[in-house]
Number of protein chains: 2
Amino acid sequence: MPRPSQTDKKRKNLLPIVARAFAELGYRRATTAELAKRCKVRENILYRLWPNKKAMFVASIDYVYEQAANTWREMLSEKNDNADSAMRLLKHEAAHYGESGLQRIIFAGLSEADEPEIREALRKMYSRFHRFIRGQVAAHRKTIETSVRPDETVSAWGIIGLGNLSNIGRELGLLSDRGRKKMFGDAGRLLLDGQSE
Amino acid sequence: MPRPSQTDKKRKNLLPIVARAFAELGYRRATTAELAKRCKVRENILYRLWPNKKAMFVASIDYVYEQAANTWREMLSEKNDNADSAMRLLKHEAAHYGESGLQRIIFAGLSEADEPEIREALRKMYSRFHRFIRGQVAAHRKTIETSVRPDETVSAWGIIGLGNLSNIGRELGLLSDRGRKKMFGDAGRLLLDGQSE
DNA sequence: TCAAATTGTAGGTAGACACTTACGAAATAC
DNA sequence: GTATTTCGTAAGTGTCTACCTACAATTTGA
């Protein structure tokens, strides 16, 4: 009888390394040779785990969401003092969003978006982010009463836009840490519930 | 005596073609061979106009701002009915931002941002956009009186973030035309003057 | 122990790509 | 006319890169 395959386990172990390489180097510069080197295996081993480089990249895009979702889940369950979770998330992200650097994968992906698989992975990722944030916005708004404001869908996209720009600001050194935090925090709050304290 | 050099003129003529190629293909896939083909010249002619491919790309980034600025200048001078120019711009951009497709160059640039020249070109571009928008926000706010809201700097970055996300939405087919317009329009208005009509 | 499958190692290949060189043709100022 | 420079064409070069093949070593169940 055959030796049992460790493929799934190996894939799971190597994905974080692969994803980080794509984040640091972008799609083209993360050559398969470089990926293998960082994983401390030979190239053809990567090709036993994924059919080609594109698949490695798509898996990395999925990984970006998984990681963020994990962080959030953890944060929300952490201490359930009944502080509004949307506010807690907003504050946390204003301070820490993009710290991992993994979001650079998104930039890399956007310039490869004419590849259908990559495009689809990005769509899925943004949709999942949007669903999550939209839910948070809705829950938050139930706890207060105010008049008209942009609907939840619009607000959620807007907040995603702020996160994106916050990352660009970090990437290019356009905004100081304080500036970024203020931007994300103030504008995010405004989109969240119309308050502008 | 020598034949007079047409270099500057040629550069100006070819830049739009080069920029469009980068926008459509991204940095790596816009090979020098492809650029030359689209320009209907041989590769070495491009190398007489720019020292290397990176320089062609940097010029294209600058071109993105020039083009946008031209459109805006035109729009603002067009009919000076004293409608608030910030509002006019916002409406116009909500409907048309990203239509040219040139902004895809920014995505390409972001995944090459570890090259100092490219990074610097992007910084400059974003700074110029920010300065312009910040000015518009400030002018708009002089025409009304309301209470506290995010300061002009924050609002301007926020609006840039919305534009960016609007582009991503278009790129990935995440948002319908109407959805994008609503998102940019509603959230933009909120950031502009706190109104949420 | 041994057949069957999975691992790891080494090397290679075909194509793509940024950039260069060489050279003849055309245009200008004198 | 002619010296001087720009312009256009053609071909090449060294390097990099995604992906593959061949094979030996290792691990399992029976």
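Within every chain, numbering begins at 1; the chains are lettered A, B, ... in the order of the sequence lines, protein sequences first and strands thereafter. Being a predicted model, the structure only gives us computed values, none of them experimental.
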Between CD of B:Q6 and C1' of D:dG8 the distance, given in whole Å, is 14 Å
Under a 4.0 Å heavy-atom cutoff, the residues of residues 27-48 of chain B touching DNA chain D are B:R42, B:N44, B:I45, B:R48
- Message: Salt bridge or not between B:R28 and B:E112? Use side-chain N to carboxylate O under 4.0 Å.
- Response: yes
Over all strands shown, is B:K54 touching base, sugar-phosphate only, or nothing at heavy-atom distances under 4.0 angstrom? nothing
ask   = Quick one: do A:D8 and A:R11 make a salt bridge, cutoff under 4.0 Å?
value = yes
Here the distance between atom P of D:dT6 and atom CG of B:L49, to the nearest Å, is 13 Å
Atom NZ of B:K9 and atom P of D:dC7 are separated, to the nearest Å, by 11 Å
Between CG of A:L14 and P of C:dT7 the distance, given in whole Å, is 12 Å
Point to revise | A:E66/A:R128 salt bridge by N-O under 4.0 Å criterion | key: yes
Closest to the 5' end of DNA chain C, once A:T7 and B:K53 are matched to their nearest nucleotides, is A:T7
Give the C-alpha distance, both sets of side-chain angles, the deciding distance and a yes or no for side-chain contact (heavy atoms from CB on, under 4.5 Å) between A:I17 and A:K40.
CA-CA 10 Å; A:I17 305 175; A:K40 286 174 184 151; over 6 Å; no
_Using a strict threshold of under 4.0 Å (side-chain N to carboxylate O), is an ion pair present between B:K124 and B:E120?_
no
Taking every heavy atom of B:L172 against every heavy atom of A:A113, the minimum-distance pair comes out as CD2-CB, 4.2 Å
